Amino acid sequence: MNPFVHITEEKLQDILKPFAHMRICIVHGKKSYAACGAAALFKAVCSKLHIHVFEHEDFSVNPKWEEVCPILVKLREFKPTLFIAVGGG
């Protein structure tokens, strides 16, 4: 089984279309998000759909509660409709 999901811009746009003009949160790796092409893909689609994006990439491999709490405060203020995690092991 292939552990990677390959998605086209058209498919991602179809998936995110119900969230047009809304807010989403994307959590991702520091380098892998751009290296795999996901950053460019999400940027293009979210721009087309007028989706406001909050991104976070500064987690350690196994984040501790103290690391997550400040992000929760920011998320409460941003109020995302959708939460997306890209990458991970």
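None of these values were measured; they are calculated from a predicted model.
The shortest non-hydrogen separation linking Cys46 to Ile24 is SG-CD1, 3.8 Å. Scanning both residues, Val68 and Pro63, for their nearest heavy atoms gives CG2-CB, 4.2 Å. Shown here for Ala34 and Ala39, the closest heavy-atom pair between the two residues is CA-CB, 3.8 Å. Across Thr81 and Met22, no two heavy atoms sit closer than the pair CG2-SD, 3.6 Å. His56 and Ile71 get closest at one heavy-atom pair: CE1-CD1, 3.0 Å.
The distance from the OG1 atom of Thr8 to the CD atom of Gln13 is 9.5 Å, given to the nearest 0.5 Å. Rounding to the nearest 0.5 Å places CD of Glu9 at 11.0 Å from CG of Asp14. In this structure, Ile84 CD1 and Ile15 CD1 are separated by 8.5 Å, a value rounded to the nearest 0.5 Å. Within the model, atoms NZ of Lys17 and NZ of Lys48 stand 10.5 Å from one another, a figure rounded to the nearest 0.5 Å. Atom CG of Leu49 and atom CG of Leu16 lie 6.5 Å apart (nearest 0.5 Å).
Looking only at side-chain heavy atoms (C-beta outward), Phe42 and Glu55 stay at 4.5 Å or farther from each other. Proximity of Val45 to Ile51: side-chain heavy atoms (C-beta onward) are nowhere separated by under 4.5 Å.
Taking the six-membered ring for Trp and thresholds of 30 and 60 degrees, Phe54 and Phe78 have ring planes inclined between 30 and 60 degrees apart.
Each of Ile26 and Val73 belongs to its own hydrophobic cluster when Ile, Leu, Val, Met, Phe, Trp and Tyr are linked at side-chain heavy-atom distances under 4.5 angstrom.
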